[in-house]
Amino acid sequence: MTGKILVSACLMGHAVRYDGRSKPLLHPAIDRWREEGRLVTICPEMSAGMVVPRPPAEIAVGAAGADVLTGTARVMEISGGDVTDGFLRAAENALALARETGCRYALLIDGSPSCGSSFIYDGAFSGDKHPGDGVTAALLKRAGIEVYSDCEIDRLVARIAAAE
């Protein structure tokens, strides 16, 4: 086994999303990795003390997780609340867990202002998406952890197979 995989809790069926739901990822590799003890499950937002349900949040218009990490963008709730500090704490918690448990890879839910890695929502709460990383995905990538979205699970399967 060449490395563990940090995985979004919502993909594992935990009802931790902002709306109190889960988004289980059904794939044979998930079952195999679970049996092998590779999966390390986290909801970054819950690890930072955010409640379920909670208001939807998005990274400021036109920005992405890297901008939040550098302090040039904020994460805002639809109600106007600034939750940037919570999302930064969430990302730090996820990185700490990944390091403590030897995760070389992360499999994260796309679209999230925390976990998105292919796309995030536009910051205007319009439902539109743009390419970019969430705060946690950006921090994990910066630390050298390979991040894959739930839509890229087959790429992760191939990557792990090639590494073994």
Side-chain angles (χ1 to χ4, degrees), residues 5-27 30 39-99 103-156 159:
I5 305 160
L6 188 73
V7 61
S8 295
C10 60
L11 293 176
M12 299 303 294
H14 300 271
V16 295
R17 290 171 46 90
Y18 75 94
D19 58 4
R21 301 169 91 182
S22 65
K23 197 168 185 181
L25 179 58
L26 304 175
H27 192 283
I30 295 290
L39 300 178
V40 177
T41 303
I42 187 171
C43 171
E45 297 95 80
M46 297 257 338
S47 79
M50 295 182 197
V51 299
V52 174
R54 56 189 172 271
E58 295 183 4
I59 298 171
V61 175
D67 302 307
V68 176
L69 294 175
T70 62
T72 59
R74 311 296 292 169
V75 183
M76 304 298 293
E77 293 176 329
I78 195 168
S79 59
D82 186 330
V83 290
T84 305
D85 290 342
F87 276 80
L88 288 168
R89 216 172 18 261
E92 291 163 5
N93 291 345
L95 178 57
L97 180 62
R99 285 180 170 158
C103 293
R104 292 183 50 200
Y105 311 100
L107 179 61
L108 306 177
I109 184 75
D110 227 351
S112 160
S114 202
C115 295
S117 63
S118 296
F119 71 87
I120 55 176
Y121 287 90
D122 69 357
F125 299 94
S126 67
D128 291 335
K129 306 166 191 169
H130 67 89
D133 293 327
V135 182
T136 296
L139 186 62
L140 292 173
K141 285 180 179 181
R142 181 186 286 178
I145 295 170
E146 294 180 39
V147 177
Y148 297 83
S149 79
D150 52 310
C151 298
E152 299 174 311
I153 189 166
D154 290 325
R155 280 189 54 230
L156 177 57
R159 172 67 177 102

Any chance you could lay out the side-chain contact (heavy atoms from CB on, under 4.5 Å) test for I109 and R17, step after step, and finish with the verdict?
-> CA-CA 10 Å; I109 184 75; R17 290 171 46 90; 4.0 Å; yes

Say whether H27 and D150, considering side chains only, have a donor N or O and an acceptor N or O under 3.5 Å apart.
-> no

Are [X] and [Y] packed together at the side-chain level, in the sense that at least one heavy-atom pair is separated by less than 4.5 angstrom?
| X | Y | value |
| --- | --- | --- |
| Y105 | L156 | yes |
| L6 | L39 | no |
| I30 | L107 | yes |
| P113 | Y121 | no |
| P56 | F125 | yes |
| L108 | L140 | yes |
| V7 | M12 | yes |
| L69 | R142 | yes |

Please check this pair: side chain of [X] against backbone of [Y], looking for a donor-acceptor N/O pair closer than 3.5 Å.
| X | Y | result |
| --- | --- | --- |
| D110 | F119 | yes |
| S114 | V135 | no |
| T84 | V75 | yes |

Given the rule in the side-chain contact (heavy atoms from CB on, under 4.5 Å) test, do R74 and V68 qualify, once you have shown the distances and angles that lead to the verdict?
-> CA-CA 6 Å; R74 311 296 292 169; V68 176; over 6 Å; no

Looking at R104, R159, R155, which one forms a side chain to side chain donor-acceptor pair (under 3.5 Å) with E146?
-> R159

Sidechain N-carboxylate O distance under 4.0 Å for D133, K141 = yes

Between E45 and R54, does at least one N-O distance fall below 4.0 Å, as a salt bridge requires?
-> yes

Any idea which heavy atoms bring [X] and [Y] closest together, and the distance?
| X | Y | answer |
| --- | --- | --- |
| E152 | V147 | OE1-O, 4.3 Å |
| D67 | T70 | O-OG1, 3.0 Å |
| E58 | G123 | OE1-N, 2.8 Å |
| I145 | A106 | CG2-N, 4.0 Å |
| S22 | C10 | CB-O, 3.8 Å |
| V16 | A9 | CG2-CB, 3.9 Å |

Residues F87, M50; criterion side-chain contact (heavy atoms from CB on, under 4.5 Å); working and verdict = CA-CA 9 Å; F87 276 80; M50 295 182 197; 3.5 Å; yes

Rounded distance [0.5 Å steps], NE2 in H130 versus CD1 in I120 = 4.0 Å

So how far is it from T136 OG1 to N93 CG, rounded to the nearest 0.5 Å?
-> 8.5 Å

Do V83 and M76 pass the side-chain contact (heavy atoms from CB on, under 4.5 Å) test, and can you show the C-alpha distance, the side-chain angles, and the key distance before you say yes or no?
-> CA-CA 6 Å; V83 290; M76 304 298 293; over 6 Å; no

